[in-house]
Amino acid sequence: MEYNPKAIEAKWQKYWQENQIYKVENDTEKPKFYVLDMFPYPSGAGLHVGHPLGYIATDIFARYKKMKGYNVLHPMGFDSFGLPAEQYAIETGQHPAITTAQNIETFKAQMAKIGFNHDLTREIRTSEPAYYQWTQWIFQQIFNAWFNNTTQKAERIETLIAIFEKEGNLQVNAPCDEDTPVFTANEWNHKSEDEKYALLLKYRLTYLADSIVNWCPALGTVLANDEIKDGLSERGGHPVERKKMKQWMMRITAYAERLLQNLEHLDWSEAIKDMQRNWIGKSIGCEVNFSLENKKHILTAFTTRLDTIFGVSYLVLAPEHEVIAALTTPDQKDTVEKYVQWAKNRSERERQAEVKTVSGVFTGSYALNPFNQEKIPIWVADYVLAGYGTGVVMGVPSSDDRDFRFAKHFNLPIRCVIEGSEAMENPTEKKYGKMINSDFLNGLDTPEAIQKAVEFAEKNQLGKAKINYKIRDAVFSRQRYWGEPVPVYFKNNMPYLVDEKDLPLILPEIDEYKPTAEGEAPLGRATSWKYKDQYAYELTTMPGWAGSSWYFLRYADPKNEQTFADKNATNYWNQVDLYVGGAEHAVGHLLYSRFWTNFLHDLGHIDFQEPFKKMINQGMIQGESALIYRLKNENTYVSADLKDQYETTELHVTVKALEANNTINTEELKQWRPEDYQEAKFIYSDEGKFYANTRVEKLSKRYYNAVNPDDVIEKYSADTLRLYEMFLGPLEQSKPWSMQGIDGTYRFLKKLWNLYHDEKQDFAINNEPAPAEAHKILHQTIKKVTDDIERLSFNTVVSHLMICVNKLTELKTKQFEILEPLVRLIAPYTPHIAEELWAKMGHVNSIHHAQFPEYNPQYLQESSYEYPISINGKTRTKMTFSNETPAQEIEATVLADAAVMKWTEGKTPKKIIIVPKKIINIVL
RNA sequence: AGCGAUGUAGCUCAGUUGGAUAGAGCGGGAGAUUGAGGCUCUUUAGGACACUGGUUCAAGUCCAGUCAUUGCUACCA
């Protein structure tokens with residue numbers, strides 16, 4: 001029988017499903033291994049060839065680990081709440097639940113064809129009440145907790161109440177709202193229940209806040225900072241503006257230090273860790289107080305370089321700073337008000353586009369440098385951000401690039417405080433060194449000077465050491481319908497949790513998926529939706545990242561109705577051992593997941609802090625777009641090599657029409673868009689071909705360059721697709737998808753098949769002993785393949801397998817003792833063809849439950865070695881020596897050799913280097 | 001601007017701790033097969049390993065610098 005992938009693949013996929021080959025049990029003696037992909041959002045467009053890249057890699061790894069004797073958890077599910085389904089619902093009136101379910105079916109059908117070994121009985125969907133019940137439950141745990149800075153752990157709110165009752169809040173070291181008053185135990189104990197409740201709200205790890213949010217009018221929702229790119233929404237690219245709204249917030253800032261410290265123990269790429277470090281943005285510095293000339297106000301600035309305090313020549317306030325009006329002098333009032341107004345109205349986008357432009361105004365007031373009482377002007381400028389530090393910056397033009405630009409522009413004095421920078425045109429190029437012009441700091445080196453300056457400030461109460469983080473609390477509210485309802489209701493204007501026994505709080509039905517006429521979130525349309533028939537529910541829903549922040553825990557115990565996951569199950573499966581997904585989630589999903597997992601650990605719900613032990617980011621698969629050229633104002637198209645002779649317009653066309661050498665199959669074009677191309681004229685090149693140009697860009701609907709894996713499987717086979725996606729290049733690297741090389745992998749599978757069959761395509765393997773050469777090839781390959789899979793180098797494995805099959809074909813290997821291990825070696829990559837060959841060899845159990853072949857070094861050992869003889873580092877000849885030959889004897893023999901003597905020309909070698917089993921080098 | 005990654009055949013990539021004449025697949029050339037094309041088979045060409053300098057008996061591999069491409073962050077004081 002010839003290699004017939006269609007029949008084979010359908011047969012085995014059915015068999016695997018019917019016999020539940022991939023079902024995983026929690027109770028076993030085997031060591032566990034947890035391999036996870038970032039679960040997909042089921043979009044309407046279905047999978048394109050970019051999606052499976054990571055899935056195939058994890059699938060191979062999971063299969064490999066299983067064959068190595070591990071109990072492997074390798075599940076798949078769907079992140080099924082989200083914006084596109086809702087956008088579609090707004091347009092068509094279709095309930096998002098319906099379209100989402102349809103999309104999931106499409107995804108599942110596509111994935112099934114690729115032959116993944118997911119345990120489908122563990123599938124989860126974040127939009128199912130049985131799942132989001134626990135998302136809501138976790139929200140409630142976070143609501144009922146505060147963060148103890150002293151222990152660096154979250155605790156239940158009851159422990160905070162106990163402290164308040166005993167000693168008030170003076171000694172409590174916990175993140176809380178800025179307006180939290182100080183009170184004694186006595187004061188606390190005399191407060192009403194409502195007053196106590198209101199105070200506790202200031203400490204909870206999720207809280208309501210009037211905050212300036214990124215409001216996107218086009219999407220009708222609030223976006224988190226990481227959902228915005230260049231001032232536009234990441235989804236859809238709509239403008240974003242700043243707006244004040246009451247929002248649920250997550251106090252992720254409480255975990256800033258933990259999230260930073262824990263990174264050290266994670267096996268993630270440095271790039272992603274760095275992105276998280278940057279996002280958390282820890283800076284160690286000092287707050288320093290500048291009193292005003294009139295002593296009425298104190299301005300506190302944050303700096304990491306207090307050592308440069310003697311170089312301060314002005315202060316700058318953020319345009320949003322409240323004190324501006326109070327300290328603006330009458331003659332500057334107009335200018336300052338105008339500037340502040342202008343700065344506030346500038347969109348995020350404009351600001352970012354004009355980073356280099358300097359702007360600012362003088363307030364007319366002066367402050368005093370606390371270290372030397374020098375009078376310095378106070379300015380307002382938009383290069384100072386209200387949200388970071390104190391919104392006040394001490395301007396040191398000689399040590400900071402931005403301060404330097406500012407001072408130059410407005411002619412403010414520049415005083416150098418670092419030795420060697422005085423003569424420089426731009427003194428900020430030398431930021432570290434010995435201090436000068438700095439009173440008691442003179443002569444000290446930077447680190448020492450910083451320490452001295454901070455000590456001085458603290459001793460004289462001019463300031464205090466402080467650590468700042470860039471990370472902000474995360475906005476948790478979305479003005480949307482298709483998300484988890486926040487399990488909160490309001491009584492006397494205060495938020496209360498829905499009783500745990502009333503969860504899940506089901507998403508109500510509404511007539512339209514838009515905000516109400518009054519501008520309330522869509523859930524405001526559910527007018528009779530009330531808790532206990534009287535209390536209004538929270539109307540915003542949770543953000544996309546809520547459900548995905550804990551899904552990896554649910555897979556351990558997906559059907560549990562009593563808890564989010566039984567602790568025995570989470571203890572057994574524990575952390576994800578290998579997590580694979582795109583780098584675009586570097587700071588969003590990956591940070592929030594870490595936050596929630598750390599939190600659940602603090603409250604004792606799970607026994608580990610970090611969710612993902614090892615993580616790999618697969619590169620993006622880019623597309624190759626096909627571009628053709630249409631004559632201006634005519635329905636005529638010209639081959640790309642001739643386009644310069646005409647006036648043309650460039651058009652994207654479907655890549656399905658693209659064939660070898662960038663030629664276009666015009667018939668395919670006509671089929672694709674008959675209305676455009678059926679009647680069109682084509683101007684062919686001289687050879688009678690019609691050429692297109694190609695360009696590598698993002699896989700996108702708009703460029704018609706998305707390739708559906710179904711089509712690839714239809715034309716070749718699932719095994720070919722799997723092998724080819726791995727062969728494309730290193731997993732972590734971005735690379736363009738192109739069909740150019742896929743024939744090679746398909747041919748490889750046929751070669752593999754032919755190895756097990758004779759010329760008449762009869763299955764033909766024998767039980768004769770194989771020659772040493774065949775053993776050597778096999779075991780060399782086993783070693784390389786094993787090593788490479790272990791270090792996730794999936795592309796090189798394919799190449800090793802190709803070389804191996806080529807060599808065995810050359811040797812006409814037909815022996816069972818070689819070909820039986822070979823098929824096990826290949827099974828993780830191409831499970832279908834492997835299962836078929838395995839069955840043909842007479843096995844009754846699935847190959848995917850077999851053992852991975854073990855490398856036996858014995859087959860690689862040889863008694864002699866053929867040394868390359870190099871003279872002055874250049875190889876000139878070869879000689880074979882037994883491994884037992886002593887070095888002296890080798891040396892003598894080599895020097896006496898005729899070929900060597902020809903090159904040494906009678907000279908006495910200065911040195912002769914013999915590296916056993918490697919090389920012999922003669923230096924003249 | 002900062003941080004990271006990459007630079008090897010026309011293209012996509014291997015080349016593990018320095019050690020031989022640097023390898024795979026695709027693509028190109030030639031041939032066999034065919035009425036012709038495709039598939040298949042045989043065969044072949046193609047490489048200052050980005051550049052410069054250093055370490056070494058020996059550098060694609062280690063070190064320093066330069067250049068190019070690319071990703072992320074971006075006024076964070």
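As a basis for the values below, the full set of heavy atoms in this structure was taken, side chains included, without hydrogen atoms, waters or symmetry mates.
In B:A48 the base sits syn relative to the sugar, since the glycosidic angle is no further than 90° from 0.
Nearest-nucleotide mapping onto RNA chain B: of A:Asp787 and A:Lys750, the residue sitting toward the 5' end is A:Asp787. Residue order along RNA chain B, read from the 5' end via each residue's closest nucleotide, puts A:Thr796 first among A:Thr796 and A:Met275.
At the phosphate of B:G25, OP1 or OP2 sits under 4.0 Å from a side-chain N or O atom of A:Asn806. Close to B:C39, at under 4.0 Å from its OP1 or OP2, lies no side-chain N or O of A:Arg747. For B:A77, the OP1/OP2 oxygens have a side-chain nitrogen or oxygen of A:Tyr388 closer than 4.0 Å. OP1 or OP2 of B:A14 lies within a sub-4.0 Å distance of a side-chain N or O belonging to A:Asn795. When the side-chain nitrogen and oxygen atoms of A:Arg277 are compared with OP1 and OP2 of B:U73, none of them lie within a distance under 4.0 Å. For A:Ser799, no side-chain nitrogen or oxygen approaches OP1 or OP2 of B:C13 to under 4.0 Å.
A:Ser399 contributes no side-chain N or O that, together with a main-chain N or O of A:Val396, makes up a donor-acceptor pair within less than 3.5 Å.
Side-chain contact between A:Leu822 and A:Cys804: present, with at least one pair of heavy atoms (C-beta onward) separated by less than 4.5 Å. Using a 4.5 Å cut-off on side-chain heavy atoms (C-beta onward), A:Lys282 and A:Lys470 make no contact.
Note on A:Lys784 versus A:Asp787: no salt bridge recorded, every NZ/NE/NH1/NH2 to OD/OE distance being 4.0 Å or above. A salt bridge does not link A:Glu264 to A:Lys273: none of the charged nitrogens lies less than 4.0 Å from a carboxylate oxygen.
No engagement by A:Val316 is indicated, since no non-hydrogen atom pair under 4.0 Å with the nucleic acid exists. No contact: A:Asp403 has no heavy atom under 4.0 Å from any strand. Across all strands shown, A:Asp274 has heavy atoms under 4.0 Å from sugar-phosphate atoms exclusively, and none from any base. Base contact: A:Ile913 has a heavy atom under 4.0 Å from a base atom.
One atom, CG of A:Asn617, and another, P of B:U70, lie 20 Å apart when rounded to the nearest Å. What separates NZ of A:Lys273 from C1' of B:C72 is a distance of 17 Å, to the nearest Å.
With distances taken from any side-chain atom of A:Lys784 to the nucleotides B:U16, B:A77, B:C13, the minimum falls on B:U16. In the set B:A77, B:G15, B:G25, the nucleotide with an atom closest to the side chain of A:Arg791 is B:G15. When the nucleotides B:A20, B:A58, B:A24 are ranked by their closest atom to the side chain of A:Ile919, B:A20 comes out on top. Taking every side-chain heavy atom of A:Asp382 into account, B:C75 is the closest of B:C75, B:G23, B:A77.
One C1' atom belongs to B:A22, the other to B:G65, and the distance between them is 26 Å to the nearest Å. B:A50 and B:A14 are spaced 14 Å apart, taking the P atom of each and rounding to whole Å. Separating the C1' atom of B:U8 from that of B:C49 is a span of 4 Å, rounded to the nearest Å. B:C39 and B:U33: their C1' atoms are spaced 11 Å apart (whole Å). The gap from the C1' atom of B:A24 to that of B:G46 amounts to 15 Å, rounded to the nearest Å. Across the P atoms, B:G54 and B:G10 are found 29 Å apart, a figure rounded to whole Å. To the nearest whole angstrom, the two C1' atoms, one in B:C67 and one in B:C51, are 7 Å apart. Nucleotides B:C62 and B:A77 have their C1' atoms positioned 40 Å apart, rounded to a whole Å.
Taking the six-membered ring where the residue is Trp, A:Phe406 and A:Trp379 present perpendicular rings, their angle passing 60° and hence far from 30°. Under the 30°/60° scheme for interplanar angles, the aromatic rings of A:His757 and A:Trp753 are found to lie parallel.
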Both atom distances under 3.5 Å, Watson-Crick or G-U wobble: I'd like the secondary structure of RNA chain B as a dot-bracket string, with | for pairs made across strands. (((((((..((((.....[...)))).(((((.......))))).....(((((..]....))))))))))))....

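A:Tyr746 meets the side-chain hydrogen bond (donor to acceptor under 3.5 Å, both in side chains) test with no other residue; sequence neighbours excluded.
With hydrogens and angles left out, the side-chain atoms of A:Tyr855 and A:Gln780 include no donor and acceptor closer than 3.5 Å.
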